[in-house]
K.L.:
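Structure in structure tokens, see below.
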Amino acid sequence: MSAGTIQLEIRDKIVELAARLGNDASAVTDDDILPFTGLLDSAGLMELVAWYEDHFRLPLKQEEINIDNFGSIRAMTEFALRR
């Protein structure tokens, strides 16, 4: 899977989750720090991580779920490519 495909799938999921909260995430960039955007609440962020783990078939360790690996679309993409 290419970096572009991974980024697009993550972005689509963020837009979907944000829309459930009444937020428009269509302008989110690859480098926006997701927890600081206000687009997703804590439950939405956790749902994003759970989706990511399932969708990309990457079992996560608790210590891997941090801002460095999951803070932005770019970070999530790079983490998936490293794994």
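One is the number of the first residue; the rest follow in order along the sequence.
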K.L.:
Would you kindly confirm whether Phe79 and Met46 end up in one hydrophobic cluster when ILVMFWY residues are joined by side chain heavy atoms under 4.5 Å apart?
P.N.:
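Looking at the clustering, Met46 is in a separate group from Phe79.
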
K.L.:
When rounded to the nearest 0.5 angstrom, what is the spacing between CZ in Arg83 and CG in Leu60?
P.N.:
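Atom-to-atom, Arg83:CZ and Leu60:CG are 6.0 Å apart.
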
K.L.:
Rounded to the nearest 0.5 Å, how far apart are CD of Glu53 and CG of Leu48?
P.N.:
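Atom-to-atom, Glu53:CD and Leu48:CG are 12.0 Å apart.
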
K.L.:
Taking all heavy atoms of Ala75 and all of Ser72, pick out the closest pair and write down the distance.
P.N.:
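Smallest heavy-atom distance, with atoms named: N-OG, 3.0 Å.
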
K.L.:
Are Leu58 and Ile14 in one and the same hydrophobic cluster, where Ile, Leu, Val, Met, Phe, Trp and Tyr link if side-chain heavy atoms are under 4.5 Å apart?
P.N.:
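Linked, Leu58 and Ile14 end up in one cluster.
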
K.L.:
Are Val15 and Ile73 grouped together when hydrophobic residues (ILVMFWY) are joined by side-chain heavy atoms under 4.5 angstrom apart?
P.N.:
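Result: no, two separate clusters.
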
K.L.:
Grab the two heavy atoms, one from Leu34 and one from Phe70, that are nearest each other, plus how far apart they are.
P.N.:
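Minimum heavy-atom contact is CD1-O, 4.3 Å.
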
K.L.:
Looking only at atom types and distance, does a side-chain atom of Asn23 sit under 3.5 Å from a main-chain N or O of Ala25, one as donor and one as acceptor?
P.N.:
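Checking the backbone N and O of Ala25 against the side chain of Asn23, no donor-acceptor pair under 3.5 Å is found.
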
K.L.:
Where do Glu9 and Trp51 come nearest, in terms of heavy atoms and distance?
P.N.:
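Minimum heavy-atom separation between Glu9 and Trp51: O-CH2, 3.5 Å.
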
K.L.:
Donor-acceptor pair, distance only, cut-off 3.5 Å: does the side chain of Asp32 make one with the backbone of Thr29?
P.N.:
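A pair under 3.5 Å: yes.
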
K.L.:
Is it true that Glu64 and Lys61 have a side-chain N and a carboxylate O under 4.0 angstrom from each other?
P.N.:
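No.
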
K.L.:
Could you check whether atom CZ of Arg82 has more than 12 heavy atoms from other residues, nucleotides or ligands sitting under 6.0 Å from it?
P.N.:
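Above 12, so yes.
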
K.L.:
Given the rule in the side-chain contact (heavy atoms from CB on, under 4.5 Å) test, do Asn69 and Ile65 qualify, once you have shown the distances and angles that lead to the verdict?
P.N.:
CA-CA 7 Å; Asn69 295 331; Ile65 303 170; over 6 Å; no

K.L.:
Hey, are Arg20 and Glu47 close enough for a salt bridge, meaning a charged N less than 4.0 Å from a carboxylate O?
P.N.:
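Salt bridge present between Arg20 and Glu47.
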
K.L.:
Can you tell me how far apart OG1 (Thr77) and CD1 (Ile10) are? Round to the nearest 0.5 Å.
P.N.:
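CD1 of Ile10 is found 4.0 Å from OG1 of Thr77.
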
K.L.:
Heavy atoms only: give me the nearest Gly44-Asp41 pair and the separation to one decimal.
P.N.:
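Heavy atoms of Gly44 and Asp41 come nearest at N-OD1, 2.7 Å.
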
K.L.:
Which one of Leu21, Leu45, Val28 satisfies the side chain to side chain contact (heavy atoms under 4.5 Å, CB included) criterion with Leu39?
P.N.:
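Between Leu39 and the candidates, side chain to side chain contact (heavy atoms under 4.5 Å, CB included) is satisfied uniquely by Val28.
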
K.L.:
Working to the nearest 0.5 Å, report the span between CD1 of Ile6 and NE2 of His55.
P.N.:
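NE2 of His55 is found 9.0 Å from CD1 of Ile6.
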
K.L.:
One pair to check against side-chain contact (heavy atoms from CB on, under 4.5 Å): Leu81 and Met1. What are the steps and the verdict?
P.N.:
CA-CA 8 Å; Leu81 291 172; Met1 188 175 289; over 6 Å; no

K.L.:
Run the side-chain contact (heavy atoms from CB on, under 4.5 Å) check on Met76 and Gln7 step by step: do they pass?
P.N.:
CA-CA 8 Å; Met76 294 172 75; Gln7 287 172 323; over 6 Å; no

